[in-house]
Enquirer: 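Next up is a structure, given as structure tokens.
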Amino acid sequence: MKSYLVEIINNTSDKLEYLKEVDYKISVPNQNAHGDYSINAAMLLSKKLNRNPREIAQEIINNIEYDINIISKIEIAGPGFINFFFNPLFVVRIINDVLSDPMDYGKLDNFKGKKANVEFVSANPTGPLTVGHGRNAVVGDTISNMLEWIGYEVDREFYFNNAGRQMRVLGDSVKKRYLALLYDDTEDFPEDYYQGEYIIDIAEELKNEFGDKLIEESPEGIFKQRAEKNIFADIENTLDALKIKIKIFFNENSLYEDGKIDDLLSKFKEMDISYENEGAVWLRLKEMGNEQDKVIIKSTGEPTYRLPDIAYHTTKFDRGYDLIVDIFGSDHNATYPDVVAALKAMGYDTEKIKVVIYQFVTIMEGNEKVKMSTRKANFITLDELINEVGPDVVRYFFIMQNTTTHLNFDLELAKKHSDENPVFYLQYAHARISSILKVTHEQGLKLSTQNLELLVTESELNILKKLSIFKEEILYSAIQFEPHRIAVYLLELAGLFHKFYNECRIIGSENKLAEARIALVTAVQIVIRNGLRILGVTAPEKM
RNA sequence: GCGCCAGUAGCUCAAUGGAUAGAGCACCAGCCUUCUAAGCUGUAGGUUAGAGGUUCGAGUCCUCUCUGGCGUACCA
């Protein structure tokens with residue numbers, strides 16, 4: 001529908017030059033009475049042309065050439081909207097479109113041939129993934145899916161650091177637990193060490209395997225290595241449970257081994273965007289328009305996180321991506337501008353970088369907030385959550401809300417009333433259609449697109465209209481990086497279907513109508529299934 | 001102090017600068033001898049935190065104030 005509209009308006013602007021000078025918008029009105037599409041061009045032009053907007057609208061309409069079989073009516077409404085009413089006989093063709101490509105309907109090729117890198121999760125192997133990581137993981141994977149649906153080839157990437165202070169503390173935490181197990185020692189365990197049960201599990205494993213042979217081993221040896229190995233295995237299992245497949249695990253350490261860090265430092269020096277002061281190396285961020293200069297090499301000689309972060313991003317550019325997406329929690333919102341500024345100063349096209357900052361997840365246990373800290377181990381792991389409510393609910397819950405808003409996750413509610421989760425409403429629509437198709441098939445009814453014009457009730461037309469904006473919705477959601485829109489769209493479509501279900505029957509209707517309705521619900525099922533695929537949520541045949 | 005995000009119905013949230021701000025949950029009243037009642041219909045619920053401004057038009061953009069979250073390291 002929309003492409004036809006764009007076409008006829010473009011043709012019109014050859015006659016009315018002023019249409020080319022205005023950035024008008026084609027929108028879907030929220031009331032049926034306002035047509036299928038609406039444009040606001042006349043109102044925007046009013047001032048420029050110093051004319052009454054309704055008068056301009058009339059002139060535009062007079063100059064539009066269109067096929068009456070496609071558009072049945074164009075009218076001026078309100079302050080100067082031009083509303084387009086499509087002919088239901090044309091709208092109904094959306095069913096043919098959907099049915100012609102059941103597996104992939106909704107896929108677009110707007111960005112075909114482009115490569116994207118989406119970095120997400122990026123948790124260091126110091127403990128199991130938390131619920132906070134869950135939002136990151138689901139947002140990242142869903143955005144990756146959306147980008148794939150609009151044509152990108154996407155690499156899902158996980159960046160981690162298995163060196164540094166955190167990891168030393170991790171190794172030492174394991175060793176302390178190991179010694180405590182051997183000597184049945186209840187000696188005080190340092191408060192700033194990793195407190196979680198999983199540390200004891202690792203220590204126990206080592207004790208069973210090696211007995212007391214590790215007493216003299218360095219904490220950074222087998223203790224750290226085993227901890228990293230086990231924790232990483234856990235992380236991958238958890239992601240697997242959410243059906244997330246990471247393609248590239250990028251080790252920060254490789255940046256040092258490859259000499260990327262040294263190269264970067266000399267480049268900074270060469271370009272004079274770094275300087276030394278009080279024994280540390282600073283980056284001239286203030287000159288780049290940021291708040292203040294920041295340290296990249298401490299006076300101890302150790303780099304701060306910024307240096308490898310910048311080096312890491314240069315590799316993303318060097319690897320030839322057209323789009324570089326970073327998924328960060330809001331606690332990182334102050335860090336990425338420094339990275340971007342440095343890259344820009346070095347001449348990289350930072351327009352390619354899109355940083356998605358999602359707000360925090362607050363876990364509520366009834367009325368009580370649960371503070372999350374890997375170190376303190378008073379967190380609920382993502383694994384536990386998945387076990388409680390299942391991967392579909394977890395994925396849907398994390399994606400149904402705009403990433404810009406806080407997510408209140410009431411565990412009691414999620415556990416107790418999980419069957420009231422909106423995801424079931426959506427899945428139920430899909431399962432219901434499966435059931436309808438099964439029963440109608442048994443009755444000898446077939447799908448037919450021969451008499452789609454019989455679909456005329458309001459609930460049927462509303463569904464057709466909704467189906468026909470599916471692709472627009474995917475494109476818009478993807479380029480805006482707003483995965484929740486897909487969830488909202490599907491919920492609305494499911495709602496329209498449930499309404500139809502209660503108003504229109506298939507079995508019992510005249511054969512031609514029944515078969516047209518089968519085509520309709522099949523199309524709905526395809527769109528719901530494909531939409532759920534983007535969200536990584538299953539579409540059950542039965543509930 | 002400064003920066004980012006949020007504040008919309010009792011609760012959780014939608015709304016691409018457009019027309020009468022919408023859903024779900026909860027409450028109340030209805031709808032199953034017919035394709036899945038995890039559903040549908042109806043009632044009720046709003047000064048879009050507050051005050052200014054820009055605009056033909058503001059929940060949306062700008063300024064200020066209030067509330068909450070996250071930052072503001074030679075931690076990551």
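Chain identifiers are assigned alphabetically (A, B, ...) following the order of the sequence lines, protein sequences preceding nucleic acid strands; residue numbering begins at 1 within each chain.
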Enquirer: Taking the minimum atom-to-atom distance to the side chain of A/Lys499, which one of B/rC5, B/rG18, B/rU41 wins?
Expert: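 Of B/rC5, B/rG18, B/rU41, B/rU41 is nearest to the side chain of A/Lys499.
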Enquirer: On a whole-Å scale, what distance lies between the C1' atoms belonging to B/rU8 and B/rG46?
Expert: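 It works out to 8 Å between them.
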Enquirer: May I ask you to say whether A/Lys316 pairs ionically with A/Glu119, meaning some side-chain N is under 4.0 Å from a carboxylate O?
Expert: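 Salt bridge: yes.
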Enquirer: On the nucleotide B/rU16, are OP1 or OP2 found under 4.0 Å from the side-chain N or O atoms that A/Tyr24 carries?
Expert: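 A/Tyr24 to B/rU16 OP1/OP2: no side-chain N or O under 4.0 Å.
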Enquirer: Roughly how far apart, to the nearest Å, are B/rA9 and B/rC5 at atom C1'?
Expert: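 About 23 Å, rounded to a whole number of Å.
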Enquirer: Under 4.0 Å, counting only non-hydrogen atoms across every strand here, what does A/Glu492 touch: a base, just sugar-phosphate, or nothing?
Expert: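 The answer is nothing, as A/Glu492 stays clear of every strand by at least 4.0 Å.
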Enquirer: When all nucleic acid strands are considered with a 4.0 Å heavy-atom cut-off, which category describes A/Lys542: base, sugar-phosphate, or nothing?
Expert: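 Here A/Lys542 touches the bases of the nucleic acid.
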Enquirer: Report the distance from atom OH of A/Tyr428 to atom C1' of B/rG24, rounded to the nearest whole Å.
Expert: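 So the two atoms are 17 Å apart, to the nearest Å.
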Enquirer: Determine the Euclidean distance between corresponding P atoms of B/rU16 and B/rU60; express it in Å to zero decimal places.
Expert: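 It comes out at 13 Å once rounded to the nearest Å.
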Enquirer: State whether the distance check finds a donor on one side and an acceptor on the other, under 3.5 Å, for side chain A/Asp331 versus base B/rG71.
Expert: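 In this structure, the two groups form no donor-acceptor pair.
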Enquirer: Side chain of A/Asn333: nearest nucleotide among B/rG3, B/rC56, B/rC2?
Expert: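 Between B/rG3, B/rC56, B/rC2, the one nearest the side chain of A/Asn333 would be B/rG3.
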Enquirer: Return the stacking result for B/rA38 and A/Phe424: yes when the ring centres lie under 5.5 Å apart and the planes under 30°, no otherwise.
Expert: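 Here the ring of A/Phe424 and the base of B/rA38 are stacked, with centres under 5.5 Å and planes under 30°.
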Enquirer: Taking only the side-chain heavy atoms of A/Val439 (C-beta and beyond), determine which of B/rA15, B/rC35, B/rC75 contains the nearest atom.
Expert: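 Output: B/rC35.
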Enquirer: Between C1' on B/rU34 and CD on A/Glu503, what's the gap in Å once rounded to a whole number?
Expert: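 Result: 17 Å.
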Enquirer: For A/Leu44, answer base if it contacts any base atom (sugar-phosphate contacts may also be present), sugar-phosphate if it contacts only those atoms, and nothing otherwise; contact means non-hydrogen atoms under 4.0 Å.
Expert: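 It contacts base atoms.
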Enquirer: Can you tell me whether the side chain of A/Thr335 and the base of B/rA76 have a donor-acceptor pair closer than 3.5 Å?
Expert: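 For A/Thr335, whose side chain was compared with the base of B/rA76, there is no donor-acceptor pair (under 3.5 Å).
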Enquirer: To the nearest 0.5 Å, what is the distance between CZ on A/Phe470 and NZ on A/Lys466?
Expert: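 Separation between the atoms: 11.5 Å.
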Enquirer: For B/rU16 and A/Lys25 - does any side-chain N or O of the residue sit under 4.0 Å from the phosphate oxygens OP1/OP2?
Expert: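 No, A/Lys25 has no side-chain N/O under 4.0 Å of OP1/OP2 on B/rU16.
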Enquirer: Is there a stack between A/Tyr501 and B/rC40, judged by ring centres under 5.5 Å and planes under 30°?
Expert: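 No, the aromatic ring of A/Tyr501 does not stack with the base.
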Enquirer: Looking at A/Arg485, does any N or O in its side chain come under 4.0 Å of the phosphate oxygens OP1/OP2 on B/rU16?
Expert: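 Yes.
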Enquirer: Just to be sure I understand the rule, does A/Ser299 reach a base, reach only the sugar-phosphate, or reach nothing, if contact means heavy atoms closer than 4.0 Å?
Expert: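 If one applies the 4.0 Å heavy-atom cut-off, A/Ser299 turns out to touch a base.
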Enquirer: Expressed as a whole number of angstroms, how long is the span from A/Asn40:CG to B/rG57:P?
Expert: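 Distance check: A/Asn40 CG to B/rG57 P gives 15 Å.
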Enquirer: Output the rounded distance in Å from CG (A/Leu407) to P (B/rC5).
Expert: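 So the two atoms are 18 Å apart, to the nearest Å.
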Enquirer: Given B/rC75, B/rA19, B/rC5, identify the nucleotide with an atom nearest to the side chain of A/Thr304.
Expert: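 Within the option list, the nearest is B/rC75.
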Enquirer: Counting only side-chain N and O atoms of A/Thr404, is one of them less than 4.0 Å from OP1 or OP2 of B/rA6?
Expert: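 So the side chain of A/Thr404 is within the cut-off, an N or O lying under 4.0 Å from OP1 or OP2 of B/rA6.
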Enquirer: Measuring from the side chain of A/Phe81 (C-beta onward, heavy atoms only), which nucleotide among B/rC13, B/rG18, B/rA76 has the closest atom?
Expert: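 Within the option list, the nearest is B/rG18.
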Enquirer: Taking the six-membered ring for Trp, are the ring centroids of A/Phe250 and A/Tyr312 within less than 6.0 Å of each other?
Expert: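 Yes; A/Tyr312 has its ring centre under 6.0 Å from that of A/Phe250.
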Enquirer: In terms of the nearest nucleotide of RNA chain B, which residue is placed more toward the 5' end: A/Pro303 or A/Gly495?
Expert: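 The 5'-side residue here is A/Gly495.
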Enquirer: What integer number of Å spans the P atoms of B/rG18 and B/rC62?
Expert: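 Here B/rG18 and B/rC62 have their P atoms 15 Å from each other.
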Enquirer: Quick check for you: among B/rC2, B/rG18, B/rA37, whose closest atom lies nearest to any side-chain atom of A/Pro79?
Expert: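 For A/Pro79, the side-chain atoms sit closest to B/rG18.
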Enquirer: Syn versus anti for B/rC62, judged by chi lying within 90° of 0?
Expert: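 Chi for B/rC62 falls in the anti range.
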Enquirer: Are the side chains of A/Val121 and A/Phe160 in touch, meaning some heavy atoms are under 4.5 Å apart?
Expert: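 Side-chain contact under 4.5 Å: no.
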Enquirer: Pick the P atom in B/rU63 and in B/rA6, then give their distance to the nearest Å.
Expert: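 One P to the other, the span is 14 Å.
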Enquirer: Any ion pair linking A/Lys294 and A/Asp338 (charged N to carboxylate O, less than 4.0 Å)?
Expert: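 Result for this pair is yes, salt bridge flagged.
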Enquirer: Between A/Phe158 and A/Phe249, is the ring centroid distance below 6.0 Å?
Expert: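 Yes.
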Enquirer: Closest to the A/Ser435 side chain: B/rA76, B/rC35, B/rU12?
Expert: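 Minimum distance to the A/Ser435 side chain belongs to B/rC35.
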Enquirer: Considering every strand and a 4.0 Å limit on heavy-atom distances, what is the contact class for A/His34: base, sugar-phosphate, or nothing?
Expert: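 Base, at least one base atom sits under 4.0 Å.
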Enquirer: Considering only side-chain heavy atoms of A/Gln359, which listed nucleotide, B/rC56, B/rG3, B/rC5, is closest?
Expert: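 Nearest to the side chain of A/Gln359 among the choices is B/rC5.
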Enquirer: Sort out the partner of B/rG1 for me: Watson-Crick or G-U wobble, both distances under 3.5 Å, none otherwise.
Expert: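 Pair assignment: B/rG1 / B/rU72.
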Enquirer: Counting the benzene-type ring for Trp, do A/Tyr358 and A/Phe328 have ring centres under 6.0 Å apart?
Expert: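 No.
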Enquirer: Once rounded to the nearest 0.5 Å, what's the spacing between atom NE2 of A/His484 and atom OG1 of A/Thr405?
Expert: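 Nearest 0.5 Å value for the NE2-OG1 distance: 8.0 Å.
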Enquirer: Checking only heavy atoms, does the side chain of A/Thr440 share a donor-acceptor pair with the base of B/rC35 at less than 3.5 Å?
Expert: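 Such a pair does not exist between side chain and base.
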Enquirer: Please measure how far the C1' atom in B/rU55 lies from the corresponding atom in B/rA49, and state the result in whole Å.
Expert: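 Comparing C1' positions in B/rU55 and B/rA49 gives a spacing of 23 Å.
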Enquirer: What's A/Glu472 touching, base or sugar-phosphate or nothing? Going by heavy atoms closer than 4.0 Å.
Expert: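 No contact.
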Enquirer: Nearest-Å distance, CD1 (A/Ile297) to P (B/rA76)?
Expert: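 So the two atoms are 11 Å apart, to the nearest Å.
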Enquirer: Using the P atom on both, measure B/rU43 against B/rU34 and round to a whole Å.
Expert: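 One P to the other, the span is 27 Å.
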Enquirer: Please determine if A/Glu291 and A/Lys286 form a salt bridge, counting it only when a charged side-chain N lies under 4.0 Å from a carboxylate O.
Expert: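 Salt bridge: no.
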Enquirer: Give the nucleotide from the list B/rA76, B/rA14, B/rC70 with an atom nearest to the side chain of A/Val488.
Expert: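 Given the options B/rA76, B/rA14, B/rC70, the side chain of A/Val488 is closest to B/rA14.
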Enquirer: Could you give the CG-to-C1' distance, from A/Leu285 to B/rG3, as a whole number of Å?
Expert: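 Answer to the nearest Å: 15 Å.
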Enquirer: OP1 or OP2 of B/rA73 sitting under 4.0 Å from any side-chain N/O of A/Lys298?
Expert: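 So the side-chain polar atoms of A/Lys298 never come under 4.0 Å of the phosphate oxygens OP1 or OP2 of B/rA73.
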Enquirer: Can you figure out which of B/rC56, B/rG69, B/rC5 approaches the side chain of A/Phe360 most closely?
Expert: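 From the listed options, B/rG69 comes nearest.
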Enquirer: Please state the P separation for the pair B/rG59 and B/rG53 - nearest whole angstrom.
Expert: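 About 15 Å, rounded to a whole number of Å.
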Enquirer: Does a side-chain N or O of A/Arg432 approach OP1 or OP2 of B/rA37 to a distance below 4.0 Å, or not?
Expert: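 Yes.
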Enquirer: Checking only heavy atoms, does the side chain of A/Asn402 share a donor-acceptor pair with the base of B/rA6 at less than 3.5 Å?
Expert: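 Result: no qualifying N/O pair found.
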Enquirer: Counting the atoms with a prime plus P, OP1 and OP2 as sugar-phosphate, which does A/Gln427 contact under 4.0 Å by heavy atoms, base, sugar-phosphate, or nothing?
Expert: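 Result for A/Gln427 = nothing.
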Enquirer: Looking at A/Glu510 and A/Lys512, does any basic side-chain N land under 4.0 Å from a carboxylate oxygen?
Expert: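 No.
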Enquirer: With sugar-phosphate meaning primed atoms plus P, OP1 and OP2, does A/Ala33 contact a base, only sugar-phosphate, or nothing at under 4.0 Å between heavy atoms?
Expert: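 The answer is nothing, as A/Ala33 stays clear of every strand by at least 4.0 Å.
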Enquirer: Could you check how far CG of A/Asp392 sits from P of B/rA38, rounded to whole Å?
Expert: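 In whole Å, B/rA38 P lies 18 Å from A/Asp392 CG.
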Enquirer: Centroid distance below 5.5 Å plus an interplanar angle below 30 degrees: do A/His406 and B/rA6 meet both conditions?
Expert: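 Check failed, A/His406 does not stack on base of B/rA6.
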Enquirer: So what does A/Asn83 touch, heavy atoms closer than 4.0 Å: a base, only the sugar-phosphate, or nothing?
Expert: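 It contacts base atoms.
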Enquirer: Under 4.0 angstrom, heavy atoms only, what part of the nucleic acid is A/Asn124 near: base, sugar-phosphate, or nothing?
Expert: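 The residue A/Asn124 makes sugar-phosphate contact but no base contact.
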Enquirer: Could you tell me the separation between the CD atom of A/Glu442 and the P atom of B/rU36, rounded to a whole number of Å?
Expert: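 Distance, rounded to whole Å: 9 Å.
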